[in-house]
Amino acid sequence: MIVSWLAGLRQAVSSKLTIGIGGLLALAITSGQSLLEALEPPVLPALAAGVPLDAGRWRVALHDVRLTTQSRPDGPPAPDGAQFLALDLDLANRSSETDNTFARILAVEPPIEGLQPNPTFWLVRDKAILSALQPGLPERVQVIWRLAPGAKAPERLRLVVNGETFKPRDNLFAAPGWFNRKPIAAATLPVVSVEAKP
Amino acid sequence: MSGAFAKLGALVLAALLLAGMQRYTPGYAEITGPIPLRGEFGETLAGRGFSVRADNVLLAQKLRFKAYGREVERDTGGVFALVIARLEAQPASITIGSAIWRSAQGARFVASPRFQGAPRLLGTDRLEPGLPQRGIFIFEVPREAVEGATLLVAASRWPRLDTQAEIALPAQPGAPAPVIDLGELAYE
């Protein structure tokens with residue numbers, strides 16, 4: 001009688017302990033994760049101008065930033081006296097498929113007041129808006145931000161390069177794809193002022 | 001004692017089985033993926049919604065064409081691959097939204113978007129039944145992606161439970177021409 005009661009107690013205690021330990025473990029893991037995320041972000045490695053960087057599906061090399069009055073690589077100066085920031089970069093698609101998500105590679109960080117957030121990407125080879133990049137064919141690309149009228153032109157531009165990782169099977173559809181976009185490097189480039197060519 | 005071994009064995013077996021299933025069960029994307037329709041170069045393939053025949057492959061370093069009244073010349077860091085093909089809508093009108101050059105290494109090159117306004121570009125206009133279209137698909141590929149390629153034609157870029165025509169292209173398409181004028185190309 002007492003023996004069976006003791007055995008039942010042991011069973012109950014051990015199952016409660018198991019459940020409790022599991023819950024505590026889960027709690028500890030999630031708390032640890034949120035603590036890690038709340039910590040100061042690590043200092044990003046500096047990217048020098050002209051140095052190629054592998055950022056997930058893209059290989060990117062940043063060149064010079066110019067303050068210009070042209071809204072496109074080959075056009076005449078913009079009629080309303082607007083000013084633009086133009087960044088030259090070399091871009092290659094490292095993935096195995098044609099892609100057009102290049103707008104997410106770069107971010108101006110910290111943001112500059114008066115700088116239009118969504119720049120236009122131009123394919124220098126065609127002097128036309130870049131619509132997609134083919135795998136294994138690097139291209140020279142010009143990124144052009146418009147400055148708001150009257151906004152002060154910045155002296156330097158800090159750009160953060162985002163990287164992604166490849167997953168052969170994603171969690172939802174088990175299809176291959178690029179995920180977990182996060183900053184992997186930062187470049188601070190001086191803004192050079194150029195006169196528009198006549 | 002043997003009971004414990006049996007339990008352990010069952011556990012290991014279950015773990016192996018689960019790991020195997022996780023590794024080898026086809027994923028949702030594969031199960032609901034394109035339905036391949038394989039064929040040869042020059043053969044008419046009739047899929048659900050459209051039929052396609054690829055007749056000729058040409059390579060070029062530069063392409064010239066007239067778009068919206070302007071002369072345009074395009075060059076490339078690789079090579080332009082042109083596939084002359086014939087498309088026909090089968091029971092009803094359809095737009096062929098996707099042509100892909102799949103290299104022997106497996107890279108997928110979507111038809112180049114750099115030729116808007118070029119004459120007789122396939123995939124831009126809707127196909128009507130009984131009115132076949134002959135025209136070109138233009139791809140921009142690195143030189144090493146030319147040999148042993150496959151042409152994939154489908155109604156969308158990622159067909160779901162729908163036909164994807166897969167045409168094996170000639171293994172050695174020949175040397176690229178320095179320049180091809182799309183206005184003077186022999187389509188027939």
Establish whether A:Phe102 and A:Val65 are linked, either directly or via other cluster members, by ILVMFWY side-chain heavy-atom contacts under 4.5 Å. yes
Segment of B:Arg102 engaging chain A (4.5 angstrom heavy-atom cut-off): neither
Could you pull out the closest heavy-atom pair between B:Pro142 and A:Pro135, with the gap in Å? CG-O, 3.6 Å
Heavy-atom pairs under 4.5 Å with chain A - which of B:Gly27, B:Pro26, B:Ser103, B:Ala145 has more of them than the others? B:Gly27
Taking B:Glu140, B:Gln105, B:Glu30 one by one, which has the highest count of heavy-atom pairs under 4.5 Å against chain A? B:Glu140
Counting neighbours of CZ on B:Arg160 that are heavy atoms of other residues, nucleotides or ligands and sit closer than 6.0 Å, is the number greater than 12? yes
Check step by step if side-chain contact (heavy atoms from CB on, under 4.5 Å) holds for B:Arg108 and A:Thr98. CA-CA 7 Å; B:Arg108 287 157 52 98; A:Thr98 308; over 6 Å; no
Same apolar cluster (I L V M F W Y, side chains within < 4.5 Å links), B:Ile96/B:Val110: no
Say you draw a straight line from OG1 of B:Thr76 to CD of A:Gln134; how long is it, rounded to the nearest 0.5 Å? 8.5 Å
Assigning hydrophobic clusters by single linkage (Ile, Leu, Val, Met, Phe, Trp, Tyr; side-chain heavy-atom cutoff under 4.5 Å), is A:Val108 placed with A:Ile184? yes
Heavy-atom contacts under 4.5 Å, residues 138-171 of chain A to chain B: A:Glu139, A:Arg169
Hphob cluster co-occupancy, A:Val60 + A:Leu87, side-chain heavy atoms under 4.5 angstrom: yes
Interatomic distance, A:Ser131 atom OG to B:Gln116 atom CD [nearest 0.5 angstrom]: 6.5 Å
A:Asp126 vs B:Arg74, side-chain contact (heavy atoms from CB on, under 4.5 Å): CA-CA, chis, key distance, verdict: CA-CA 7 Å; A:Asp126 287 358; B:Arg74 295 277 190 243; 3.3 Å; yes
For B:Val141, which atoms come within 4.5 Å of any heavy atom of chain A: side chain, backbone, both, or neither? backbone
What pairs with B:Arg126 under salt bridge (Lys or Arg N to Asp or Glu O under 4.0 Å), at least two apart in sequence or on another chain? B:Glu128
Take A:Leu123 and B:Arg114 through the side-chain contact (heavy atoms from CB on, under 4.5 Å) test and state the conclusion after the steps. CA-CA 10 Å; A:Leu123 178 60; B:Arg114 296 171 61 200; 3.8 Å; yes
Are B:Ile100 and B:Leu37 connected into the same hydrophobic cluster when the rule is that any two of I, L, V, M, F, W, Y join if their side-chain heavy atoms are below 4.5 Å apart? no
Can you establish whether the number of heavy atoms outside B:Arg157 located under 6.0 Å from its atom CZ is more than 12? yes
Counting only heavy atoms not in B:Tyr28, do more than 12 sit closer than 6.0 Å to its OH atom? no
